[in-house]
Amino acid sequence: MTAVTVTERSYRWIDRLSKLLGVALIAVGLDTGGHTPAGIAFAAAGVACGLATIFVSKQ
């Protein structure tokens with residue numbers, strides 16, 4: 001697996017945006033119905049988006 005490296009400033013922005021998008025997707029999933037397949041899919045996508053920056057290295 002190839003590591004992605006970005007500057008610290010870029011990392012902060014990418015991290016913030018991914019967390020906000022993750023929270024928004026989870027909210028959409030809950031609004032759709034947390035027990036429905038669509039709601040679960042939105043929530044899972046939100047969690048994945050929120051955790052995406054774990055694999056990015058700061059320079």
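Only this structure's heavy atoms are used, side chains among them; waters, hydrogens and symmetry mates stay out.
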**Student:** Could you report the tightest heavy-atom contact between Ile40 and His35, atom names first, then the distance?
**Tutor:** CD1-O, 4.2 Å

**Student:** Working to the nearest 0.5 angstrom, can you tell me the gap between Asp31 CG and Ile26 CD1?
**Tutor:** 13.5 Å

**Student:** With hydrophobic residues grouped by side-chain heavy-atom distances under 4.5 Å, do Leu21 and Phe42 end up in a single group?
**Tutor:** yes

**Student:** Can you measure from CZ (Arg12) to CG (Leu17) and round to the nearest 0.5 angstrom?
**Tutor:** 12.5 Å

**Student:** Which heavy-atom pair separates Gly46 from Leu25 by the least distance, and what is that distance?
**Tutor:** CA-CB, 3.6 Å

**Student:** Which value, rounded to the nearest 0.5 Å, describes the distance between Thr53 atom OG1 and Asp15 atom CG?
**Tutor:** 4.0 Å

**Student:** Heavy atoms only: give me the nearest Ser18-Cys49 pair and the separation to one decimal.
**Tutor:** CB-O, 3.4 Å

**Student:** Has Ser10 got a side-chain atom pairing as donor or acceptor with Val6's backbone, closer than 3.5 angstrom?
**Tutor:** no

**Student:** Please report the closest heavy-atom contact between Thr32 and Ala38, naming both atoms and the distance.
**Tutor:** CG2-CB, 3.9 Å

